[in-house]
Amino acid sequence: ALARAARAALPGPPLAAAARPYDPVTALPPGSSTLLRAPVKNAAERNAVVEVYLQLGPDTPPARAALDLAAHAAHEPAYNVLRTQEQLGYAVHAGARCTHGVLGFAVVVASGEHGPAAIDARVDAFLSSFVDTLATMPDAALEAHRAALAAAKRAADTSLADEAARHWDRVSARAYDFDARERELAALPGVGRGDLVALWRDCVAPGGAARRRLAVHVVPPQHAAELA
């Protein structure tokens, strides 16, 4: 009813797909590694921030299911290794990204102790080691990640605002695939261990033939030598 009322209130026919505005995304070349450095804006700031972003490809239900399952499996180990064990920074986050229909994986670390170059190197070391983690993960652990991810995607919206935000996300992305969650859930059982290992080895871990890496370093004054 709401959609019918909106269409009735708006003059003219819907825009053709080719006439709709879109947000372009630059495709990084396979095998590339790009580094952007910038100083902090506040000279008193002592924290460094590093984001390592791996661009994957177009957002499709099978691709998103594979990425989300790999990211679910990597989330806790990334925090445990980079934050708890190595004490790299006070904030560590690793997870999937979808930027205007392009999938990716990103690790973000904020630290008052270590410089961006050192953080970057440890992030890559973790990404490299996680290939073996996926390959040797017990079947029960992998299935637990799959079940937890499926449960999260099946969870009902807790309010009308949440439901509206979920649907509006597909509008703002200009995807209009309002059944994206259901289609990903349908694809999730078909994602095997081999798919996860291949995805991580080829697109996320250092040395992958299809890896497309962008790193952004925000450099505080005590590490200014890294800007040279």
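One-based numbering along the sequence shown.
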With sequence neighbours excluded, what pairs up with Asp157 under the salt bridge (charged side-chain N to carboxylate O under 4.0 Å, His left out) test?
-> Arg166
If you round to the nearest 0.5 Å, how far is CZ of Arg201 from CG of Leu134?
-> 11.0 Å
Under 3.5 Å, is there a donor-acceptor pair between the side chain of Gln222 and the main chain of Arg46?
-> yes
Is there a side-chain contact between Arg211 and Leu127 (heavy atoms, below 4.5 Å)?
-> yes
For the side chain of Thr84 and the backbone of Val81, is there at least one donor-acceptor N/O pair under 3.5 Å apart?
-> no
Indicate yes or no for a side-chain donor-acceptor contact from Arg181 to the backbone of Lys153 under 3.5 Å, with no hydrogens or angles considered.
-> yes
State, yes or no, whether a side-chain contact exists between Leu149 and His145 at a heavy-atom distance under 4.5 Å.
-> no
Are any non-hydrogen side-chain atoms of Arg193 and Met137 less than 4.5 angstrom apart?
-> yes
Shortest non-hydrogen contact from Val219 to Pro116?
-> CG2-CG, 4.0 Å
Apply ring pair (Phe, Tyr, Trp, His ring centres under 6.0 Å) to His167 and list each qualifying residue two or more places apart in sequence or on a separate chain.
-> Phe178
Point-to-point distance, once rounded to the nearest 0.5 Å, from CG of Asp23 to OG1 of Thr99 = 10.5 Å
Would you mind reporting whether Ser111 and Ile119 have side-chain heavy atoms less than 4.5 Å apart?
-> yes
Establish whether Tyr79 and Leu88 are linked, either directly or via other cluster members, by ILVMFWY side-chain heavy-atom contacts under 4.5 Å.
-> yes
So, Ser128 side chain and Ala125 main chain: donor-acceptor pair closer than 3.5 Å or not?
-> no
Is Glu45 reaching over with its side chain to a backbone N or O of Lys41, donor-acceptor style, under 3.5 angstrom?
-> no
Going by heavy atoms in the side chains, are Glu184 and Asp68 under 4.5 Å from each other?
-> yes
Same hydrophobic cluster for Leu36 and Leu28, using side-chain heavy-atom links shorter than 4.5 Å among ILVMFWY?
-> yes
Non-neighbouring partners of Val218 that pass side-chain contact (heavy atoms from CB on, under 4.5 Å), sequence neighbours left out | Val40, Val49
Report yes or no: does Arg37 contribute a side-chain atom to a donor-acceptor pair with the main-chain N or O of Glu226 at less than 3.5 Å?
-> yes
Side-chain donor or acceptor of Asp202 paired with backbone N/O of Leu199 under 3.5 Å | no
What heavy-atom pair brings Ala78 and Ala94 nearest, and what distance separates the two atoms?
-> CB-CB, 3.7 Å
What pairs with Arg212 under salt bridge (charged side-chain N to carboxylate O under 4.0 Å, His left out), at least two apart in sequence or on another chain?
-> none
Considering non-hydrogen atoms only, spot the tightest contact between Phe130 and Ala70 and give its length.
-> CE2-O, 4.3 Å
Of all heavy-atom pairs linking Pro77 and Ala74, the shortest is CD-O, 3.3 Å
Test salt bridge (Lys or Arg N to Asp or Glu O under 4.0 Å) applied to Arg97 and Glu51, step by step = CA-CA 12 Å; Arg97 291 274 182 86; Glu51 176 168 336; 2.8 Å; yes
Is a donor on one side and an acceptor on the other found under 3.5 Å between the side chain of Gln55 and the backbone of Leu214?
-> no
Are any of the side-chain heavy atoms of Cys203 and Phe105 separated by less than 4.5 Å?
-> no
For Arg213, what residues pass the salt bridge (charged side-chain N to carboxylate O under 4.0 Å, His left out) criterion, not counting sequence neighbours?
-> Asp120, Asp124
Using a cut-off of 6.0 Å, state whether more than 12 heavy atoms not belonging to His75 lie near its atom NE2.
-> no
Quick one: does Leu142's side chain get under 4.5 Å of Leu196's, heavy atoms only?
-> yes
Looking at residues at least two apart in the chain, or sitting in another chain, which of them share a salt bridge (charged side-chain N to carboxylate O under 4.0 Å, His left out) with Arg146?
-> Glu143
Non-hydrogen side-chain atoms of Leu82 and Val107 separated by less than 4.5 Å = yes
Over all atoms of both residues, closest heavy-atom pair of Ala48 and Pro220 | CB-CD, 3.6 Å
N/O donor-acceptor pair under 3.5 Å between Arg64 side chain and Leu103 backbone | no
Exercise: identify the closest heavy-atom pair between Pro58 and Ala63 = O-CB, 4.0 Å
Donor-acceptor side-chain pairing of Asp132 and Thr136 below 3.5 angstrom | no
Donor-acceptor contact present, side-chain Trp200 to main-chain Ala135, <3.5 Å | no
